[in-house]
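Data block below; observations after.
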Amino acid sequence: MAANNNRPAKARKRGAASRFFLGILRILGTILLIMLTTGLIFSCIFAAYVKNHLSSAMDIKPEDFSLNLTSVIYYTDKETGEYKELSLLYGKENREWVDYEEIPKWLEKAAVAIEDKRFYKHSGVDWYRTVGAFGNMFLGMRDTFGASTITQQLIKNLTQYDDVTVKRKLLEIFRALDFEKKYSKEQIMELYLNLIYLGRGCYGVASASNVYFGKELGELTLAECASLIGITNNPSLYDPYYFPENNIKRQKTILWEMYDQGYITKEQYEEAISQELVFQRGETEETIISDYSYFVDAVIEDVINALKEAKNISYKAAEALLFSSGYKIYATIDPDVQAAIDEVYGDRENLPAGYVRSSTQELQSSIAVIDPFTGDIVGLAGGIGEKEGNRVYNRATMMLRPPGSTFKPLAVYSAGIELGKIMPYTTFNDSADVKLKGTSWYPYNDDFNNNGLVTVRYAVQRSLNTIAAQIIDMIGPSTAFDFVRDRFGITSMVDETDEQGFSDRDYAPMALGQLSYGASVVEMASAYTPFVNNGIYTRGRTYTHVTDSEGKLILENPLESHVAISELTAYYMTDLLTNVVNAGSGILAKLPDMPTAGKTGAAGNWTDRWFVGYTPYYVAAVWSGYDNPEYMGPSNPSASLWKMVMQKIHEDLEYKQFSR
């Protein structure tokens, strides 16, 4: 009876235990389900991140770099419409391409032994080293563990994207995996050994072999191969001329790794270790350099930057492509316009007298001439006087300088008319007693005088700072900033306050053109195109398209335009700026036989002088000043230089009125 009484109790215990375990299983199941769901959600998010942020593949082929073909720049003959040769492009770097079959096997094995011992086994990423690197990054908060394979290093050389961030690591991994799907180990090694930098201007092992050992690549010994590969880790630290001890120490490490990994025998190792390295400066082939004009320099830079963006590669890789792939570049230059520019800008004697001379530097100037209807830059000069070398500093395209009052037609008067705040005969009080609503700042006029009640037309003619400030107060400096950036293409302005504490969303930058860093000559010329082109802005361009050696389109640079202002605003602005040239500060630029409009400008303290003007045919911007800004006085050489060039350009052009 007692036993029977115990059975229900035992059953109850078993039932309770069973329910307990079932509860545990349900909890574990729920946890696993949550983990699985979380994992799936994370995977989806990660996949989306990879697709949107890490899937930018490089548009390159290894064979593109090995063509060794000269690229050519062409221009269009105005009479026949045919393309004619303008310039041949030759690389300025010490670079010589060698095919994989010509690369000594010891050189390849040395690179693999020291840089990537599992190169032949992995698919672009060495996961053992990668896990260690990520552990270092996340746990040790440092990035000192080198996890990059040769493929990843090649990707880094091609993109120059080497930020120490998780995104960079992931991007590098995905690109390397993708790259190895497309290309063989031999192709990757060929590209790597031809593109690595080995110091002293040497790109690739062939040029380095000649520079360091005075030998052809195929003549290198095992010891010399190891020494050469040793330089790649740090070309400055392991330079055989400056730090021979460092190079030899690195070489011995590489030779040991080659022996330890089975690439060489003990006898080969000992023989290589005992070989005395003799470094001698080899004779390199004299690089063929043609005399590039400033225009050709500008085309080269534009095409390199376009290739860099289009193919998602580094500047250096894009440069190597341009100078070796036999590209055909179709430029916008008009040889007649360029000849007129060269005639004036080739001789420093054409600089007008009257400016304050510096004791340490010569006055410089630059010009860009644009067809306002196509955006074609038809001629430019990045300096005045004899051009010293190729791809030198181009003041027409690279330099940023405050445009001064040449900025007023953009931010002040065009904006004021277009936004309905002013008309040419709107009257303002030019008085020192005027108070602005949005700021306590108020400028002086250049002559420190006030003129009482004046019209907008008179204010533009005399370039009155006080009236410009009052109009910006009506518009708002932030509105004026957006107006100029979005409609006139001035992208060099500082939007939000930068590290230097600068911002151009303020009164002085907008009213007086005292931009934090300035604008380029080409930017300013492009910005004036709407005035002559019925309100349509056209961005300046130096080339229209690029094809490869077989005629396949590589880059396209189409006309880029948009409506910036109304036709009526453009008409009013041309009327105002014609008055500036006829009776105001721009009178030195007036052409005798062609309608002329434009505006003078000066940066603060008279350190930069500008004239931006136009005719019914062309827009041109001219800057004059010192490379290291100095006071140059109140005279304006830019207006006189503008007239000298434009008068030559318009000599044989039919008289034409501005569009009404």
Side-chain angles (χ1 to χ4, degrees), residues 69-78 82-93 287-311 313 315-342 345-346 366-371 374-383 387-399 489 520-523 525-526 538-549 551-560 618-621:
L69 298 176
T70 300
S71 293
V72 183
I73 298 178
Y74 295 93
Y75 71 93
T76 304
D77 186 288
K78 288 187 295 186
E82 297 177 348
Y83 291 118
K84 292 189 175 181
E85 186 180 297
L86 176 67
S87 183
L88 300 176
L89 303 186
Y90 299 98
K92 67 176 182 178
E93 294 171 340
T287 306
I288 302 174
I289 296 291
S290 63
D291 292 323
Y292 299 158
S293 67
Y294 279 112
F295 189 96
V296 170
D297 284 354
V299 173
I300 290 171
E301 292 305 310
D302 286 349
V303 172
I304 289 174
N305 285 309
L307 285 170
K308 176 176 176 285
E309 183 176 348
K311 293 182 174 292
I313 56 178
Y315 181 93
K316 282 293 182 184
E319 183 181 46
L321 272 181
L322 176 60
F323 284 100
S324 64
S325 298
Y327 287 158
K328 297 177 181 178
I329 302 107
Y330 297 90
T332 60
I333 190 172
D334 182 327
D336 294 334
V337 172
Q338 189 62 55
I341 292 172
D342 292 341
Y345 271 76
S366 58
I367 183 173
V369 181
I370 293 181
D371 181 332
T374 63
D376 291 348
I377 300 175
V378 290
L380 61 78
K387 185 171 181 278
E388 298 177 355
N390 290 314
R391 299 178 67 188
V392 295
Y393 185 53
N394 193 328
R395 299 168 187 85
T397 59
M398 299 176 176
M399 180 192 71
S520 75
V521 171
V522 167
E523 268 187 318
S526 297
T538 50
R539 180 184 63 85
R541 57 179 179 174
T542 57
Y543 70 96
T544 58
H545 62 289
V546 177
T547 65
D548 65 14
S549 58
K552 179 183 176 183
L553 186 66
I554 298 297
L555 294 172
E556 195 168 9
N557 192 20
L559 167 65
E560 184 179 311
Y618 296 111
V619 178

What is the minimum heavy-atom distance between Ala381 and Ile341, and which atoms define it?
CB-CG2, 3.6 Å

Please work out whether the ring planes of Tyr83 and His545 are parallel, tilted or perpendicular, with thresholds of 30° and 60°.
perpendicular

Working to the nearest 0.5 angstrom, can you tell me the gap between Leu86 CG and Ile333 CD1?
5.0 Å

If you take all heavy atoms of Ala620 and Val369, which pair is closest and at what distance?
CB-CG2, 4.0 Å

Side-chain heavy atoms of Tyr330 within contact of Leu555, under 4.5 Å
no

Using every non-hydrogen atom in the two residues, find where Thr397 and Ser520 come nearest and quote the distance to one decimal.
O-CB, 4.1 Å

Measure the spacing between CD of Glu309 and CD1 of Ile304 and express it to the nearest 0.5 Å.
14.5 Å

Side chain to side chain contact (heavy atoms under 4.5 Å, CB included) between Val546 and Leu322, intermediate numbers included
CA-CA 10 Å; Val546 177; Leu322 176 60; over 6 Å; no

First locate atom CG of Asn390, then atom OH of Tyr294, and finally report the distance between them rounded to the nearest 0.5 Å.
10.5 Å

Let me know which of Asp376, Asp334, Asp371 forms a salt bridge (Lys or Arg N to Asp or Glu O under 4.0 Å) with Lys78.
Asp334

If you take all heavy atoms of Ala331 and Val299, which pair is closest and at what distance?
CB-CG2, 4.4 Å

Between Thr544 and Asn557, is there a side-chain heavy-atom distance shorter than 4.5 Å?
no

Is there a side-chain contact between Tyr618 and Ile370 (heavy atoms, below 4.5 Å)?
no

Under the side chain to side chain contact (heavy atoms under 4.5 Å, CB included) criterion, do Tyr74 and Glu82 qualify, and how do the steps go?
CA-CA 10 Å; Tyr74 295 93; Glu82 297 177 348; over 6 Å; no

Supply the atom-to-atom distance Leu380 CG to Arg395 CZ, rounded to the nearest 0.5 angstrom.
12.5 Å

Hey, mind stepping through Glu301 and Tyr315 against side-chain hydrogen bond (donor to acceptor under 3.5 Å, both in side chains) and telling me if it holds?
CA-CA 10 Å; Glu301 292 305 310; Tyr315 181 93; 2.7 Å; yes

CG of Asn394 to CE of Met399, rounded to nearest 0.5 Å, is 9.5 Å

Could you tell me if the side chain of Phe295 sits less than 4.5 Å from the side chain of Ile377, heavy atoms only?
yes

Ser325 side, atom OG; Leu307 side, atom CG - distance, nearest 0.5 Å
8.5 Å

Does atom CD (Glu85) have a neighbourhood of more than 12 heavy atoms from anything else shown, all under 6.0 Å?
yes

Could you tell me whether Lys387 atom NZ has more than 12 heavy atoms of other residues or ligands within 6.0 Å of it?
yes

Can you tell if the side chain of Thr538 reaches within under 4.5 Å of the side chain of Leu559, non-hydrogen atoms only?
yes

Are Lys311 and Leu321 close enough, and set up right, to give a side chain to side chain contact (heavy atoms under 4.5 Å, CB included), and what steps lead you there?
CA-CA 11 Å; Lys311 293 182 174 292; Leu321 272 181; 3.7 Å; yes

At their closest point, which heavy atom of Gly379 faces which heavy atom of Gln338, and how far apart are they?
CA-OE1, 3.1 Å

Backbone of Arg541 reached by a side-chain donor or acceptor of Thr332 within 3.5 Å:
yes

Given the rule in the side chain to side chain contact (heavy atoms under 4.5 Å, CB included) test, do Tyr327 and Asp548 qualify, once you have shown the distances and angles that lead to the verdict?
CA-CA 4 Å; Tyr327 287 158; Asp548 65 14; 4.1 Å; yes

Closest approach of Ser366 to Ala396 (non-hydrogen atoms, all atoms of both residues)
CB-N, 3.7 Å

